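The structure appears below as structure tokens.
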Amino acid sequence: MPGIAAILGRGSENPERELEIMLARLKGRNDGVHRFAAAGAEIRAGWVGPDDGSRDGGTAVSPVSGSVLLFEGEHFPPTAGPRDAGRFETILEMYERSGKDFPRGLNGFFHGLVIDGRSPKATLFNDRFGMRRLYYHEAPGVVYVATEAKAILAVRPELRSFDTRSLGEWLGSGAVLDDRTLFTGIGALPAGSLWTRHPDGSWDRRAYFSSKEWEDQEKLGAGAYYEALSRAFPGILARYLDPRGPTGLSTTGGLDTRLILAHLGDRAERVRCYSFCGPYRENLDVTIGRKAARIAGCPHTTLRIEPDLYARFEELAKRTISATDGNLDLTGVANLYMCEKSLEVSPIRLTGNYGSEVLRGTRTFGMNASIARVLSPDGAKSVAEAAARIPGEPEGHPLTFILFKQVPWYSYNRLQMEESATIMRSPYMDNELLGLVYRAPAMPASGGDISLRLISDGNKRLGALPTDRGLAYPKGLWTPVIRAYCETLFRLEYLANYGMPRRLARLDRKLGPFSLETLFLGRHKYYHLRKWFRDELSGFVRDVALDPKTLSRDYLDGPAARAAIERHLAGDENHTVAINKIVSLELTRRLILDSGS
């Protein structure tokens, strides 16, 4: 995955060596390295990534001014159609023409660094949501910057420890709040940042975008809003299809990939669909996704979890932890496995990610304090304090909480892992679309009515095909019954997997062919950590979670953790959440903190 590292100022007697160490931590096996410096101004930077054009991102030098751009991510211009090969030069031209406001014209997830050839200053910037994270550490006279925190930890060993506050947030919610990270002294560049270091070493730090610009727009009436949305969406979608080859679309049983399919039109021939299937039975993503793809005129492939996942689980777990700097836990491992498989279809994966959040206001971010029972008193206290900081009902516009907090704090973690294997795209975070959704007369309810209507207007057969939750348009006489049935199946599978009541696990196992696990596991989801930890991955869990070094960590109550893990392995109780967090944190310690150099 492409990345940037920079030392702005003098960090040591040998900053050139420090930069080489940072770049080495970012560099993949087949990556090239490009280095730039304005040594007199104490600016040193490098970009790593494939030189074959397989990834967007790279470097550009202005032939006029000598300014240098290091860019990672993608920019989707507002006009549909093929993006020209000179996109990096275009961004650099935007900088030289617009100066301090140039990122406002960029659309997508990205970050970058400009070294100005006219005046030896350096400008850091990122997208308006902070979804291409840039980590930084500030010390007297110097700021270290990198795409991955591990690159900074490699040259600043004094930072190799967990931040207690951040640890409590991550343990309870799966995310670190605000612009902090898991690691002491390392922050994340705030969303929509434009930070400039001047030749005298001073900094100008400001935001080039505020959500108020969208919030303060004039609201549209219901009819005008729907008309504008239905007119805009097909053109927005076109920006995210690759003109150079087929685009992969991971189809599900839900609404958001269905909406994409409904508005492909004659572009369907450029799309190859696939769905993820677990090891036990065909899930609804496959059966419904296949039907939806055929209706839209797209070929469909089923990508299955094979037995080799269990043999590779430790390797993939380490890659997940390393690629995300420990931000994503073991729930990402099966997804990484599937992302690799999806490369057989296309290097680009178009998804419906963020559709439910943007169009229907779905909130996916919250607190689960059940981990506290295996934590030390200090660890449990940090989780309790984190719970008090996570807002219940957010103030202000609900979409602002979703876009500028939930998505960059929580959804970023999975995106970072997926991006380590494939190129991820979603039309639902497009600037034009979001600006329009803020003009909705009211935040849509979660029932999906507006999405269903948009689907039906694009393709009536797709609108009439029930989703995995029983939604269809128009509603029929049996729709409420189908919905109730689908929702019951969804809840029963949750009980069979993550949500199994802790002390019901033994009883359920004794029911054999009539257990919740046998009857319902795999109907919706394709990965099943509760069962896998107990059975297929029990050796891996024992080796890591029951290691005396793991159980001695100061955030754990060692005896309580050991007892919980052993009861889960015996099939007597459900401690999936605890095992997931314990193993993930231990791998973060071993891979990032303890081997930071």
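If you're wondering where the values come from, they're calculated on a predicted model, not measured in any experiment. Values reported hereafter were calculated over all heavy atoms of this structure, with side chains retained and with hydrogens, waters and symmetry mates removed.
Side-chain atoms of T364 and Q406 include a donor-acceptor pair closer than 3.5 Å. With 3.5 Å as the limit, one finds no donor-acceptor pair spanning the side chains of S426 and T351. Side-chain contact of N335 with Y527: a donor-acceptor pair under 3.5 Å is absent, judged by distance alone.
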Intermediate values then yes/no, side chain to side chain contact (heavy atoms under 4.5 Å, CB included), V271 and L241
CA-CA 8 Å; V271 173; L241 303 178; 4.0 Å; yes

Would you check, one step at a time, whether the test side chain to side chain contact (heavy atoms under 4.5 Å, CB included) holds for K525 with Y498?
CA-CA 11 Å; K525 303 297 183 182; Y498 252 72; over 6 Å; no

Please assess R304 against E282 for the test salt bridge (Lys or Arg N to Asp or Glu O under 4.0 Å), listing each intermediate value before the final yes or no.
CA-CA 9 Å; R304 301 179 184 277; E282 268 201 357; 3.5 Å; yes

Given L316 and L309, is the side chain to side chain contact (heavy atoms under 4.5 Å, CB included) satisfied, shown in steps?
CA-CA 9 Å; L316 292 168; L309 170 65; 3.8 Å; yes

Hey, mind stepping through R272 and T301 against side chain to side chain contact (heavy atoms under 4.5 Å, CB included) and telling me if it holds?
CA-CA 8 Å; R272 305 289 183 268; T301 301; over 6 Å; no

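With respect to the salt-bridge test (charged N to carboxylate O, under 4.0 angstrom), the residues R360 and D256 qualify. Between E432 and R239 a salt bridge is recorded (basic side-chain N to carboxylate O distance below 4.0 Å). Salt bridge R25/E148: absent, no basic N to carboxylate O contact under 4.0 Å. Ion pair D31/K27 not flagged as a salt bridge, since none of the NZ, NE, NH1 or NH2 atoms sits closer than 4.0 Å to an Asp/Glu carboxylate oxygen.
Using a 4.5 Å heavy-atom threshold, the side chains of N353 and R414 count as separate. Between L249 and C298, the closest side-chain pair of non-hydrogen atoms is not below 4.5 Å. Looking at heavy atoms from C-beta onward, H528 lies out of side-chain contact with R534 at the 4.5 angstrom threshold. When side chains are defined from C-beta on, P103 counts as touching L194, because their heavy atoms get closer than 4.5 Å. Two residues are said to be in side-chain contact when any heavy atoms from C-beta on lie closer than 4.5 Å; Y354 and L415 meet this criterion. Residues L471 and R483 have side chains in contact (heavy-atom distance under 4.5 Å, counting atoms from C-beta outward). Annotation: side chain of V145 is not in contact with side chain of I4 (no heavy-atom distance under 4.5 Å). Using a 4.5 Å heavy-atom cutoff, the side chains of L284 and C486 are not in contact.
Here the closest heavy-atom approach between residue R104 and residue Y208 is recorded as NH1-O, 3.0 Å. Of all non-hydrogen atoms in P234 and H263, the two that sit nearest each other are CG-ND1, 3.6 Å. Here the closest non-hydrogen pair linking G289 and S275 is CA-OG, 4.1 Å. Here the closest non-hydrogen pair linking L26 and G3 is CD1-C, 4.2 Å. Residues L23 and V48 share a closest heavy-atom pair of CD2-CG1, 3.8 Å. Between V583 and V544, the shortest heavy-atom contact is CG1-CG1, 3.9 Å.
Between F125 and F102, the gap from one ring centroid to the other is short of 6.0 Å.
Taking NE2 of H300 as the reference point, atom OG1 of T302 lies at 5.0 Å (rounded to 0.5 Å). A distance of 5.0 Å separates CG in L454 from CG in L229, rounded to the nearest 0.5 Å. With rounding to the nearest 0.5 Å, the separation of CZ in F109 from CZ in F76 is 9.0 Å. Note: T588 OG1 to L328 CG = 10.0 Å, rounded to the nearest 0.5 Å. Note that CG of L255 and CD1 of I455 are 5.0 Å apart. Values are rounded to the nearest 0.5 Å. Atoms CG and CG, on L113 and L70 in that order, are 5.5 Å from each other to the nearest 0.5 Å.
Ring geometry for F276 against Y274 counts as parallel: the plane angle stays under 30°, on a 0 to 90° scale with 60° as the upper cut. Aromatic ring pairs are classed by plane angle as parallel below 30°, tilted from 30° to 60° and perpendicular above 60°; the pair F533 and F313 is perpendicular. Note on ring orientation: taking the six-membered ring where Trp is involved, the planes of F365 and Y410 are tilted (angle from 30° to 60°). Ring geometry, H397 versus Y438: the interplanar angle falls from 30° to 60°, so the pair is classed tilted. Between F404 and F209, the ring-plane angle classifies as parallel under the 30° and 60° cut-offs.
The backbone N or O of P427 sits nowhere less than 3.5 Å from a side-chain atom of D430 that would complete a donor-acceptor pair. No donor-acceptor pair under 3.5 Å is formed between the side chain of S456 and the backbone N or O of R453. At least one donor-acceptor pair closer than 3.5 Å links the side chain of W170 to the backbone N or O of N327. Using modelled atom types, one side-chain atom of S230 and one backbone atom of E227 make a donor-acceptor pair closer than 3.5 Å. When atom types are taken as modelled, the side chain of S322 and the backbone of K318 share no donor-acceptor pair closer than 3.5 angstrom. Between the S193 side chain and the N126 main chain, no donor and acceptor come within less than 3.5 Å of each other. In this structure, the side chain of D179 does not engage the main chain of L189 through any donor-acceptor pair within 3.5 Å. A distance-only check finds no donor-acceptor pair linking the side chain of R133 to the backbone of A188 [under 3.5 Å]. A donor-acceptor distance shorter than 3.5 angstrom exists from the side chain of S346 to the backbone of P246, with no hydrogens or angles considered. Between the R128 side chain and the N431 main chain, no donor and acceptor come within less than 3.5 Å of each other.
A side chain to side chain contact (heavy atoms under 4.5 Å, CB included) with F520 is found for one member of N497, T488, L489 and no other, namely L489.
The 12-atom threshold is exceeded at NZ of K531, counting heavy atoms of other residues, nucleotides or ligands nearer than 6.0 Å. Sparse packing is recorded around CZ of R461, with 12 or fewer heavy atoms of other residues, nucleotides or ligands lying under 6.0 Å away.
Sequence neighbours left out, the pairs with a member in residues 322-351 that pass salt bridge (Lys or Arg N to Asp or Glu O under 4.0 Å) are K150-D325, R312-E340, R319-E340, D329-K581, R349-E418.
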